[in-house]
Amino acid sequence: MINVIFPDGATRQYANGITGSELVESISKSLAKKTVAMRVNGELSDLSDELFDGAKIEFILRDDEAALELIRHDCAHVLAEAVQELWPDTQVTIGPVIENGFYYDFARDEPFSMEDLDKIEKRMRQIIERGAEFTKEIWSREKAKQVFATKGEHYKVELIDAIAEGESVKIYKQGQWFDLCRGPHMRSTKDIGQAFKLIKVAGAYWRGDSNNAMLSRIYGTAWAKQKQLDDYLHMLEEAEKRDHRKLGRELDLFHFQEEAMGSVFWHPNGHIIYNALEQYIRRKVSAADYKEIKTPELIDIKLWKKSGHWAKFRENMFVVPDEVPSMENDAPILSGDAKLMALKPMNCPAHVQIFNQGIKSYRDLPLRYAEFGCCHRNEAHGALHGLMRVRQMTQDDGHIFCTAEQIKSETENFCDLLDSIYHELGFDEVNILLATRPKVRAGSDEVWDLAEKSLSEALSSTGREFKIIEGEGAFYGPKLEFHLKDAIGRTWQCGTLQLDFVLPERLEASYIDKDSKRQTPVMLHRAILGSLERFIGILIENHAGRMPMWLAPTQVVVAPITSDIDDYAIKVVEQLKANNIRAISDLRSEKINYKVREHSHAKVPAIFVVGKREAEENTVSIRRLGSQGQSVMALKEAINNIVKEAQPPDLKNL
RNA sequence: GCUGCUGUAGCUCAGGGGUAGAGCACUCCAUUGGUAAUGGAGAGGCCGAGAGUUCAAAUCUCUCCAGCAGCACCA
C-alpha cells in the first residue's frame with residue numbers, strides 16, 4: 001500500500017501501482033471526467049503515471065489555469081501530426097508553448113503559405129475529433145535514434161543526442177503518430193478542444209542560431225474556451241488598430257523614408273508631443289537634482305576604444321572618416337588613412353569626460369548628470385520597427401556617479417522618480433526585474449555581491465516586488481528593468497538602472513575621499529522612458545492615438561456653424577491661444593456634421609461648436625472626443641477648464 | 001543579417017504583354033447648415049530602382065532597394 005497526500009493535507013492509502021486516472025476514478029466519476037492531468041510533488045505529470053508512496057497530488061481540471069499550457073502543448077503535437085499527414089516528407093523539430101499559444105518548427109523545402117494554414121487547421125480539427133489517446137513509452141536512446149533516423153527525422157536524432165545522460169527518452173503516441181517529447185500530455189487529443197487557431201507562418205533558425213538552417217515555423221494560439229480565443233483575437237485586432245505607424249500617418253505625426261531609413265522625420269504635430277514629453281522629463285529630473293548636460297555626437301574612436309565600446313559594440317556603430325573625400329564621376333574616394341570618428345551609440349563615455357573635468361571630492365557625490373542624448377546605432381535592417389526600433393534615437397539618459405554605499409539610496413530615489421513619472425503618464429502597473437551576474441563578467445565577486453545586494457535591498461526596503469532573472473546582467477554590473485503594462489495588456493521595457501564598476505575605471509574617473517585618497521566612483525546608468533521615440537510610440541498605442549489634453553497636438557478646434565459666426569470663432573481661438581492652448585478654427589464652408597466627423601477622426605480632444613446662439617450669449621457648445629453629446633458653457637469657463645486640463649501632470653495641482 | 005510576403009495617385013486598394021483605374025483626400029464652383037460624409041467640376045502617376053526577354057514590359061525573368069511578419073540581434 002502507498003500513502004497519497006491530497007492538497008488539503010489529507011492522506012489516503014491506495015494499492016501499489018495505482019495511476020492518477022485510476023485514483024481520480026475512485027474518487028468521483030464527474031471529477032474524473034474533468035481531470036486532464038495532475039501535479040505530483042508540484043510537477044505536472046501524466047494522469048497515467050503510477051503514484052508512489054508519499055506523493056503529494058493535485059488534479060488539474062481542463063478549465064484550470066494550469067491546463068492551458070497542456071492544451072497548447074498538445075495542440076502543437078496535433079499541428080505536427082496534421083502537417084505530416086498532409087506532407088509526409090516534412091521533418092518535425094520542436095514545438096514549444098509560448099505566451100498565448102504555441103509554435104512548431106518544420107524542416108521542409110517549400111515554405112508554408114497562408115492557404116496551407118487553413119488546410120492544416122481543418123486537419124487538426126479532424127485529428128482532435130478522432131480523440132486518440134496520448135500514451136507514453138520510454139525508449140532506449142539507440143532505439144529512438146534508429147527509429148527516427150529510419151523515418152528521416154534527422155533533427156529529432158540530433159535532439160535525442162542532446163538529452164542529458166540519465167534522463168529517459170520519452171515517446172508520446174497519439175494514434176499512429178508519435179513524437180519525442182518531454183511531456184506531460186492530457187488524456188487524449190479530444191481534451192484540446194476546438195478553441196484554437198493557426199495565426200501565422202515565419203522562418204526561424206534551427207535552435208535559434210543564425211548559423212543554422214532556416215526552418216518553417218507555424219504559430220498558433222489555443223485556449224480552454226471559445227470566448228477566450230475570441231477575446232485574444234480581438235486583442236490582436238485592437239493592437240493592429242493601435243499600430244503607431246498607422247496612427248502616425250493618419251494623425252500626421254511623423255514619417256520615415258528610404259533615404260534615412262530607421263530615422264524619424266517628425267512633423268509639426270508629432271514634434272509637439274515630442275517637445276511636451278521632453279520638457280516634462282526635464283522638469284522631473286531637474287527636480288530630482290540632476291544637472292542637464294549636452295555632449296558631442298561625433299567622437300574620435302580613440303575614446304570608444306578606451307571605453308570598450310569599440311570591442312563590444314563596433315558592429316552597431318556608424319563610423320565617419322574625418323576627411324574631405326575626393327571625387328571621381330560623382331563617386332567619393334576616401335584615402336583610407338584618415339582619423340575615424342564615430343557617432344555616439346551611447347552617452348556614457350561622454351558623461352565621464354565631464355565628470356573628469358576638475359577634481360571631484362566625495363562631497364560632490366552623488367553627482368547626477370542627465371542628457372537628452374541623440375544616439376545612433378546601426379541596427380540590423382530586419383530589426384527596425386517604426387518608432388519602436390530606430391537607428392537614431394534620443395534617450396532620456398542619465399548617469400549617477402556615487403560611492404558603493406550610496407547605491408542603495410540612489411536606487412530608492414530612482415525608483416521613486418520612476419513611480420511618479422509612470423503614474424503621471426498613466427502607467428500604473430510596472431513589473432521590475434533584477435538581472436544578476438552573467439557568466440562572463442568584469443569585477444570581483446565581492447563587488448558583485450554588494451551591487452546585487454544593494455539593488456535588491458533597495459527594492460525590498462520600499463516594498464516593491466521584483467523578479468530575479470539569473471545571469472542576465474550586463475558584463476559590467478547587474479541591472480534593473482522596469483516593464484510597463486499598457487491599456488491592452490502588453491508590456492514594454494522602458495526604465496533601466498544599471499550598475500557599472502568597469503567604465504569609470506577604464507576612463508579613469510576618480511574622486512578624493514575623506515582620507516584624501518583617490519577613489520573610483522560607481523556609475524549608475526539609468527533611463528526612465530528609454531528612448532523618446534520609442535516611448536512616444538508606446539504612448540500612441542496606449543492611448544490609441546487619443547492623446548491626453550497636455551500632449552494633444554491640436555487641443556481645441558473652434559468650428560462655426562455658418563460663416564457669419566466666423567468673427568466670433570476667430571475671437572474664441574484668439575482667447576484660447578492667449579491662454580497657451582493649441583487651438584485652430586475651421587472656417588471652411590462645410591456642414592457642422594462634416595467638421596465634427598473630420599476633427600473626431602483627427603482625434604482632437606475638444607471641438608467648440610459656435611452658432612448664432614453661442615455668439616450672442618458668449619458661450620461655446622463643447623463636444624468632447626468619444627462622447628456623443630455636447631454641453632454649452634460660458635466661454636470663460638470653457639477656457640478655464642481646458643487650461644486646467646492641458647496642464648502637464650507634474651504641474652497640475654500646483 | 002536570415003526566411004517568406006509585398007511595392008500601382010497623398011491614403012486604402014483593383015488591374016495586369018498593346019491609351020493607367022476606383023473610393024477617400026486635394027483644387028475650384030455652387031451651397032450657410034445645430035454636432036461623425038452637401039452637390040458638381042477639375043487636377044493628380046517613370047506602376048520602388050536598374051538590367052534582360054520581346055515589335056511592344058507597370059505586367060514576364062534576374063539583380064538591387066525599401067516596407068511588412070517572424071527569426072537572430074537589442075550596453
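Residue numbers start from 1 in every chain, and the chains themselves are labelled A, B, ... in the order their sequence lines are given, proteins ahead of strands.
Counting distance only, with no hydrogens placed and no angle test, the side-chain atoms of A/Glu315 and the base atoms of B/G1 include no donor-acceptor pair under 3.5 Å. You'll find a donor-acceptor pair under 3.5 Å spanning the side chain of A/Tyr205 and the base of B/G1, going by distance alone. Judged by distance alone, with hydrogens and angles left aside, A/Arg207 brings no side-chain donor or acceptor close enough to the base of B/A72 to form a pair under 3.5 Å. The base of B/U32 has none of its N or O atoms less than 3.5 Å from a complementary donor or acceptor on the side chain of A/Ser589. Side-chain atoms of A/Arg389 and base atoms of B/C73 include a donor and an acceptor less than 3.5 Å apart.
In this structure, A/Lys591 reaches the bases: a heavy-atom distance under 4.0 Å links it to at least one base atom across the strands shown. A/His601 comes within 4.0 angstrom of a base, heavy atoms only. Looking at heavy-atom distances under 4.0 Å, A/Arg613 makes contact with a base. A/Arg623 comes within 4.0 angstrom of a base, heavy atoms only. Across all strands, A/Gln493 comes closer than 4.0 Å to no nucleic acid atom at all (heavy-atom distances). Residue A/Ile592 is in sugar-phosphate contact alone, with no base atom involved, counting any heavy-atom pair closer than 4.0 Å across all strands shown. Residue contacts shown for A/Ala380 include a base, since a base heavy atom lies under 4.0 Å away. Within 4.0 Å of A/Gly208, counting heavy atoms only, lie sugar-phosphate atoms of the nucleic acid but no base atom.
Candidate nucleotides B/G34, B/A36, B/U38 were compared by shortest atom distance to the side chain of A/Lys612, and B/G34 ranks first. The side chain of A/His381 lies closest to B/A66, out of B/A36, B/A66, B/C68. The nucleotide whose nearest atom lies closest to any side-chain atom of A/Glu590 is, among B/G67, B/U38, B/C65, B/U38. You'll find that the side chain of A/Thr562 is closest to B/U32, out of B/G34, B/A36, B/U32. Nearest to the side chain of A/Tyr219, among B/G70, B/U35, B/A72, sits B/G70.
Cation-pi check for A/Arg72 over A/Phe102 is not met; the charged atom does not lie both under 6.0 angstrom from the ring centroid and within 45 degrees of its normal.
With hydrogens and angles ignored, the 3.5 Å screen pairs a side-chain donor or acceptor of A/Arg624 with a backbone N or O of A/Pro605. Using a distance-only test at 3.5 Å, with no hydrogens or angles considered, a donor-acceptor pair links the side chain of A/Lys156 to the main chain of A/Thr93. Of the possible donor and acceptor atoms, none in the side chain of A/Gln392 sits under 3.5 Å from a partner among the backbone N and O of A/Val264.
Counting to the nearest Å, the C1' atom of B/C71 and the CD atom of A/Glu379 are 16 Å from each other. Note: CD1 (A/Ile94) to C1' (B/C71) measures 12 Å, nearest angstrom. Taking atom NE2 of A/His483 as the reference point, atom C1' of B/C74 lies 12 Å away to the nearest angstrom. Regarding A/Met261, its CE atom lies at a distance of 9 Å from the P atom of B/C65, rounded to whole Å. Note: OH (A/Tyr594) to C1' (B/U38) measures 10 Å, nearest angstrom. Atom-to-atom, CZ of A/Arg588 to P of B/C29 comes out at 15 Å; the value is rounded to the nearest Å. In this structure, A/Arg546 places its CZ atom 12 Å from C1' of B/A36, rounding to the nearest Å. In this structure, A/Met214 places its CE atom 11 Å from P of B/C71, rounding to the nearest Å.
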Counting Watson-Crick and G-U wobble pairs with both distances under 3.5 Å, what is the dot-bracket string for RNA chain B, 5' to 3', using [ ] for crossing pairs and | for pairs to another strand? (((((((..((((....[..)))).(((((.......))))).....(((((..]....))))))))))))....
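Nearest-nucleotide assignment on RNA chain B puts the 5′-proximal partner with A/Ser627, out of A/Ser627 and A/His385. Residue whose closest nucleotide on RNA chain B sits further toward the 5' end, between A/Glu598 and A/Val610: A/Glu598.
For B/A69, the OP1/OP2 oxygens have a side-chain nitrogen or oxygen of A/Arg245 closer than 4.0 Å. The side chain of A/Lys200 contributes no N or O atom lying less than 4.0 Å from OP1 or OP2 of B/A69. For A/Asn593 and B/U35, the shortest distance from a side-chain N or O to OP1 or OP2 is not below 4.0 Å.
Of the residues listed (A/Asp500, A/Leu503, A/Leu507), the one engaging A/Cys348 in a side chain to side chain contact (heavy atoms under 4.5 Å, CB included) is A/Leu503, and it is the only one. Checking each of A/Lys241, A/Lys246, A/Arg245 against A/Asp243 for a side chain to side chain donor-acceptor pair (under 3.5 Å) leaves exactly one that passes, namely A/Arg245.
Nucleotides B/A22 and B/G45 are separated by 14 Å at their P atoms, to the nearest Å. B/A36 and B/C71: their P atoms are spaced 43 Å apart (whole Å). Taking atom C1' in both B/U31 and B/G18, one finds a spacing of 45 Å when rounded to whole Å. Spacing between B/A20 and B/C13 at atom C1', rounded to whole Å, works out to 15 Å. Distance check on atom P: B/C28 versus B/G44 gives 16 Å, rounded to whole Å. Remark: the separation of the C1' atoms in B/C2 and B/G42 is 49 Å, to the nearest Å. Distance noted for atom P between B/A56 and B/G52: 12 Å (whole Å). Comparing B/G67 with B/A57, their P atoms are spaced 30 Å from each other, to the whole Å.
B/C13 has its base anti relative to the sugar, with a glycosidic angle deviating from 0 by more than 90°. Glycosidic conformation, B/U6: anti, with the torsion outside 90° of 0.
A distance of 6.0 Å or more separates the ring centres of A/His399 and A/Tyr369.
A donor and an acceptor atom, one from each side chain of A/Trp492 and A/Glu541, are nowhere located under 3.5 Å apart.
Counted within 6.0 Å of CD on A/Glu315, heavy atoms from surrounding residues, nucleotides or ligands total 12 or fewer; the atom is thus considered open.
Counting only heavy atoms from C-beta outward, the side chains of A/Met341 and A/Asp300 approach each other to under 4.5 Å. Residues A/Ile120 and A/Phe112 meet the side-chain proximity criterion, which asks for heavy atoms closer than 4.5 Å.
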